[in-house]
Amino acid sequence: MSGLPQHYVGFFELVQDALSGLVRLEHLHVSPPVKVCAVDASYSDGLGRAGCVVVSLPDWQVHEERSAELEVLFPYVPGFLYLREGPLVVECVRRLRGEFSVLVVNGHGVAHPRRAGLASVVGLLLSVPTVGVAGSLLVGEPRWRGSVGDVVLGEEVVGRCYRTPGGREYFVSPGHLTDLETVDELIDVTGTRLHELVKLAHVTASRRPSSRSAGA
DNA sequence: GCGACAG
DNA sequence: ATCTTGTCGC
């Protein structure tokens with residue numbers, strides 16, 4: 001019922017533990033104007049498709065879009081999203097030709113049971129700065145201070161949270177080569193619309209690839 | 001044993 | 001995530 005062979009779960013946990021030991025949370029200064037890349041995945045039948053989009057801030061101009069399709073081999077299991085979406089995301093971002101400062105991943109970074117969510121794993125494998133943006137918490141609890149706040153895990157602040165005018169809540173955590181301050185700076189630039197970057201990536205991931213990919 | 005649980 | 005009609009609101 002778990003969706004993953006029981007005896008493999010422990011192994012995948014070890015892999016994730018090893019990866020989390022390689023995660024480096026260091027400051028990446030983000031100030032406008034800056035190009036960021038957002039990535040997300042979509043599914044149809046047994047096919048998965050990731051889409052990524054490079055957007056400049058604060059003008060929100062789209063500079064490049066790319067996508068990648070792969071057969072889906074893993075089910076979704078909380079805590080193991082990297083097995084399902086990691087390959088898709090990595091392949092998609094690798095197809096980008098242009099540059100970007102930070103990769104925004106739909107999922108958690110270090111706000112994870114083993115401190116290595118999809119955003120962290122992808123950042124490690126691609127050696128690029130990443131942050132994770134999620135619509136709900138996997139672990140930890142929010143400490144609201146108005147429309148923004150901290151995501152606390154034990155005694156440690158592992159991320160930030162913010163509430164949109166519409167009441168939606170989002171949780172942001174560093175993935176790799178970024179830190180809480182980077183997250184704050186990103187939220188400063190995008191306001192309460194950081195998740196809209198992921199939304200753009202989702203549109204790209206949902207759109208079937210045109211004969212030849214688009215770029216700048 | 002029971003509930004929680006990114007996408 | 002994804003499958004879908006109706007419905008609420010600017």
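Just so it is clear, the values below take in all heavy atoms, side chains as well, and ignore hydrogens, waters and symmetry mates. Letters go in sequence order (proteins before strands), and every chain restarts at 1.
Side-chain contact between A:L28 and A:V102: present, with at least one pair of heavy atoms (C-beta onward) separated by less than 4.5 Å. Residues A:L103 and A:V93 are in side-chain contact: their nearest non-hydrogen atoms beyond the backbone lie under 4.5 Å apart.
Protein atom CG of A:L70 is 19 Å distant from nucleotide atom P of C:dA1, rounded to whole Å. Per the geometry, CZ belonging to A:F80 stands 18 Å off C1' belonging to C:dA1, to the nearest Å.
A distance-only check finds a donor-acceptor pair linking the side chain of A:R49 to the backbone of A:A205 [under 3.5 Å]. Remark: the backbone N or O of A:R168 is paired with a side-chain donor or acceptor of A:T164 at under 3.5 angstrom.
The side-chain tip of A:R193 does not point at the ring of A:Y170 from less than 6.0 angstrom away and within 45° of straight on.
Defined by atom type and a distance below 3.5 Å, a donor-acceptor pair is missing between the side-chain atoms of A:S120 and A:H112. Checking A:E85 against A:Y43 by side-chain atom types alone, a donor-acceptor pair falls below 3.5 Å. For the 3.5 Å distance criterion, the side chains of A:D59 and A:S56 qualify, holding a donor opposite an acceptor. A donor-acceptor contact closer than 3.5 angstrom is absent between the side chains of A:E181 and A:H29.
Backbone-only engagement by A:G135 is indicated by non-hydrogen atom pairs under 4.0 Å involving sugar-phosphate atoms exclusively. Across all strands shown, A:S42 has heavy atoms under 4.0 Å from sugar-phosphate atoms exclusively, and none from any base. As judged by a 4.0 angstrom heavy-atom cut-off over every strand, A:L137 is placed among residues touching the sugar-phosphate backbone only.
Nucleotides of DNA chain B that come within less than 4.0 Å of any heavy atom of chain A span, from the 5' end to the 3' end, B:dC5 to B:dG7.
A:R207 and A:E65 are joined by a salt bridge, as a carboxylate oxygen and a charged side-chain nitrogen come within less than 4.0 angstrom of each other.
Helical stems involving DNA chain C, defined as 3 or more consecutive Watson-Crick or G-U pairs under 3.5 Å, do not occur. Taking a pair as Watson-Crick or G-U with both hydrogen-bonding distances under 3.5 Å, no stem of three or more pairs touches DNA chain B.
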